[in-house]
A.B. asks: 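Submitted below is the structure of interest, expressed as structure tokens.
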Amino acid sequence: MVRPHLDIDALRTFVLGFELGSFARAADRVGRSQSAVSAQLRKLEEQVGQPLVTRAGRGLALTDAGERLLSYARRILDLNDEAIDSLRRSELAGRVRLGLPQDFAEAWLPEVLGRFSRVHSNVLVEIVVEKVHALVDKTRQGELDLSLAWGASIDAPHLTPIAEIPTVWIGRRDWRLGRIARGEPVPLVAFESPCSFRDPAIGALDQAGLPWRIAVSSPSLSGLWAAASAGLGITMRTRIGLPDGLVALDPTESGLPALPAVSLTLVRAESEEDPTVSALAEIVLGVIAERLKTV
């Protein structure tokens with residue numbers, strides 16, 4: 001029996017459609033018409049001989065076959081991209097030093113290192129995980145080649161803006177804000193200042209006329225999550241790496257003010273990087289782009 005060859009472009013659109021929650025958004029992202037994307041989906045269904053999506057209210061949901069194909073599609077695309085990267089690049093060697101905030105180290109670092117090491121196994125990657133200001137200082141001084149940084153006011157010469165990411169109040173699912181109505185201070189769980197999340201959050205509370213107090217101050221993200229999980233207060237971050245048991249609190253329901261988005265920036269030690277540094281930067285940016293679709 002001659003098996004059909006699954007179309008890579010169609011698989012990429014299929015995966016993207018469910019990551020974005022809409023095939024219309026996927027059509028915009030890949031620069032195709034909605035009819036062309038629908039034709040790709042029909043082609044995949046013809047090749048596997050089963051429907052892949054079904055109506056769910058006003059949207060679409062995966063069938064059992066669609067769930068299975070989605071898992072395979074992600075693996076196929078990863079292997080395809082890895083093969084292309086490996087064959088197009090010359091073999092790199094040496095060392096590259098990457099600085100990351102704790103959010104990314106906990107949530108996305110394994111994927112970055114996995115992709116990079118599969119393609120560039122002769123490169124030693126050194127990772128430094130610290131607060132943003134320390135990372136920026138080390139990158140500016142040449143102690144790191146690359147670093148990711150939160151916040152717009154970064155004092156470094158070689159910057160690449162990546163995205164503006166929503167910031168949310170985070171607390172336990174059963175955390176209640178009736179104390180706001182009683183005029184009690186909002187208990188905050190936060191890093192020490194300066195912090196790209198703490199300072200704007202306090203500013204938003206002050207502007208809204210809501211009293212606050214620092215209930216827990218921690219130098220580590222795991223400390224923030226632990227304190228918030230224990231119900232000692234609420235914290236303010238993005239949804240990246242949000243642990244089980246904690247949720248983003250709806251400002252409309254909670255009475256808390258909306259928070260401004262936070263800038264994410266790639267900081268480089270040199271304007272013209274060595275090829276090894278450029279290769280890691282490309283993978284870091286690729287992983288971020290993919291993961292931000294679901295944040």
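Residues take their numbers from the sequence shown, with the count starting at 1.
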A.B. asks: Out of curiosity, does I8 fall in the hydrophobic cluster containing L41 (side-chain heavy atoms, cut-off under 4.5 Å, transitive links)?
C.D. replies: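 Yes, L41 connects to I8 through the hydrophobic network.
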A.B. asks: What distance separates L285 CG from L264 CG, expressed to the nearest 0.5 Å?
C.D. replies: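 Here the rounded value is 9.0 Å.
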A.B. asks: Using a 3.5 Å distance criterion without hydrogens, assess whether the side chain of W169 forms a donor-acceptor pair with backbone atoms of P257.
C.D. replies: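 Yes: the side chain of W169 pairs with the backbone of P257.
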A.B. asks: Can you name the closest pair of heavy atoms from R115 and D78 and give their distance?
C.D. replies: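 Looks like NH2-OD1, 4.0 Å.
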A.B. asks: Decide yes or no for V284 and F104: does some side-chain heavy atom of the first lie under 4.5 Å from some side-chain heavy atom of the second?
C.D. replies: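 No, too far: nothing below the 4.5 Å cut-off.
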A.B. asks: Run the side-chain contact (heavy atoms from CB on, under 4.5 Å) check on I214 and R198 step by step: do they pass?
C.D. replies: CA-CA 10 Å; I214 300 297; R198 168 180 169 149; 4.0 Å; yes
A.B. asks: Please lay out, stage by stage, how L69 and L11 fare under the test side-chain contact (heavy atoms from CB on, under 4.5 Å).
C.D. replies: CA-CA 9 Å; L69 181 62; L11 288 176; 4.2 Å; yes
A.B. asks: So, do V168 and T238 sit near enough that their side-chain heavy atoms are less than 4.5 Å apart?
C.D. replies: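 In short, these two side chains do not touch, never coming nearer than 4.5 Å.
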A.B. asks: Tell me the closest heavy-atom pair linking L246 and R172, and the distance in Å.
C.D. replies: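 Reported closest heavy-atom pair: CD2-N, 3.7 Å.
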A.B. asks: What closest approach, in Å, do T139 and R268 show between heavy atoms, and which atom pair accounts for it?
C.D. replies: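 Taking every non-hydrogen atom into account, CG2-C, 3.7 Å.
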A.B. asks: List the steps, then state whether side-chain contact (heavy atoms from CB on, under 4.5 Å) holds for I288 with L148.
C.D. replies: CA-CA 11 Å; I288 290 173; L148 286 174; 3.8 Å; yes
A.B. asks: Applying a strict under-4.5 Å side-chain criterion to I, L, V, M, F, W and Y, I'd like to know whether W108 and L144 cluster together.
C.D. replies: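 The answer is no; the residues belong to distinct hydrophobic clusters.
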A.B. asks: Tell me, yes or no, whether the heavy-atom count around Q141 atom CD, taken from other residues, nucleotides or ligands under 6.0 Å, exceeds 12.
C.D. replies: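 Enclosed.
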A.B. asks: Side-chain contact test, heavy atoms from C-beta onward, threshold under 4.5 Å: evaluate it for D199 versus P194 and give yes or no.
C.D. replies: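 Counting from C-beta outward, D199 and P194 do come under 4.5 Å.
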A.B. asks: Rounded to the nearest 0.5 Å, what separates atom CG in L98 from atom CG in L146?
C.D. replies: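 If I round to the nearest 0.5 Å, the distance is 6.0 Å.
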A.B. asks: Could you tell me which non-hydrogen atom of T13 sits nearest to which non-hydrogen atom of F23, and how far apart they are?
C.D. replies: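 Residues T13 and F23, closest heavy atoms: O-CE2, 3.9 Å.
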A.B. asks: Could you tell me if the side chain of R237 sits less than 4.5 Å from the side chain of F191, heavy atoms only?
C.D. replies: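 Answer yes - side chains close enough.
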A.B. asks: Does the side-chain contact (heavy atoms from CB on, under 4.5 Å) test come out yes or no for V189 and W225, once each step is laid out?
C.D. replies: CA-CA 9 Å; V189 176; W225 294 147; over 6 Å; no
A.B. asks: Is S117 reaching over with its side chain to a backbone N or O of G114, donor-acceptor style, under 3.5 angstrom?
C.D. replies: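 Here the side-chain-to-backbone pair exists.
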A.B. asks: Decide whether S263 and T265 meet the rule of one side-chain donor and one side-chain acceptor closer than 3.5 Å.
C.D. replies: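 Looking only at side-chain atoms, T265 and S263 do not form any donor-acceptor pair under 3.5 Å.
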A.B. asks: A quick test of your reading: do over 12 heavy atoms of other residues, nucleotides or ligands sit less than 6.0 Å from CD of E270?
C.D. replies: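 No, CD of E270 has 12 or fewer neighbouring heavy atoms, counting only those of other groups under 6.0 Å.
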A.B. asks: I'd like to check the side-chain contact (heavy atoms from CB on, under 4.5 Å) partners of A65; sequence neighbours left out, ordered by chain and number.
C.D. replies: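 With sequence neighbours excluded, A65 shows a side-chain contact (heavy atoms from CB on, under 4.5 Å) to Q50, L52, T63, R68, given in chain and number order.
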A.B. asks: Write down the atom of V129, the atom of A105, and the distance for their closest heavy-atom approach.
C.D. replies: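 Looking at all heavy atoms of both residues, the closest pair is CG2-CB, 3.6 Å.
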A.B. asks: Is any side-chain heavy atom of L135 less than 4.5 Å from a side-chain heavy atom of W150?
C.D. replies: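 Sidechains of W150 and L135: no contact.
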A.B. asks: Quick check on the hydrophobic clustering: are L159 and V132 connected, directly or via other members, by side-chain heavy-atom contacts under 4.5 Å?
C.D. replies: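 Both belong to a single hydrophobic cluster.
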A.B. asks: Hydrophobic cluster membership, with links at side-chain heavy-atom distances under 4.5 Å among I/L/V/M/F/W/Y: are I283 and V267 in one?
C.D. replies: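 Yes; V267 is reachable from I283 via cluster members.
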A.B. asks: Do I202 and L188 come within less than 4.5 Å of each other through their side chains, counting heavy atoms only?
C.D. replies: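 I202 vs L188: side chains touch.
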A.B. asks: Consider only side-chain heavy atoms of I, L, V, M, F, W and Y, link residues closer than 4.5 Å, and tell whether L109 and L124 are in one cluster.
C.D. replies: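 Hydrophobic grouping puts L109 apart from L124.
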A.B. asks: Rounded to the nearest 0.5 Å, what's the gap from CZ on F14 to CG on L70? Could you check?
C.D. replies: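 If we round to the nearest 0.5 Å, F14:CZ and L70:CG are 5.0 Å apart.
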A.B. asks: Decide, yes or no, whether a salt bridge links R42 with E46 under the criterion of side-chain N to carboxylate O below 4.0 Å.
C.D. replies: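 A salt bridge is absent here (no side-chain N lies under 4.0 Å from a carboxylate O).
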A.B. asks: State plainly whether the residues R140 and D137 are in salt-bridge range, i.e. N to O under 4.0 Å.
C.D. replies: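 Yes.
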A.B. asks: Supply the atom-to-atom distance T235 OG1 to F197 CZ, rounded to the nearest 0.5 angstrom.
C.D. replies: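 CZ of F197 is found 9.0 Å from OG1 of T235.
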A.B. asks: Taking side chain as C-beta onward, heavy atoms only, is D145 less than 4.5 Å from L280?
C.D. replies: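 In short, these two side chains do not touch, never coming nearer than 4.5 Å.
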A.B. asks: What distance separates I165 CD1 from R239 CZ, expressed to the nearest 0.5 Å?
C.D. replies: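 Result: 11.5 Å between the selected atoms.
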A.B. asks: Are K131 and E192 within salt-bridge range, i.e. N to O under 4.0 Å?
C.D. replies: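 Judged by the 4.0 Å cut-off on N to carboxylate O distance, K131 and E192 do not form a salt bridge.
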A.B. asks: Can you give me the closest heavy-atom contact between A269 and G142, atom names plus distance?
C.D. replies: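 Scanning both residues, the minimum pair turns out to be CB-CA, 4.5 Å.
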A.B. asks: Find the distance between CE (M236) and OG (S196) and round it off to the nearest 0.5 Å.
C.D. replies: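 Spacing of CE (M236) from OG (S196) equals 11.5 Å.
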A.B. asks: Answer yes or no: does atom CG of D274 have more than 12 heavy-atom neighbours from other residues, nucleotides or ligands under 6.0 Å?
C.D. replies: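 Yes, the 6.0 Å shell around CG holds more than 12 heavy atoms from other groups.
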A.B. asks: Below 4.5 Å, heavy atoms only, C-beta onward: do K138 and R97 meet side chain to side chain?
C.D. replies: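 Heavy-atom side-chain distance check fails, nothing below 4.5 Å.
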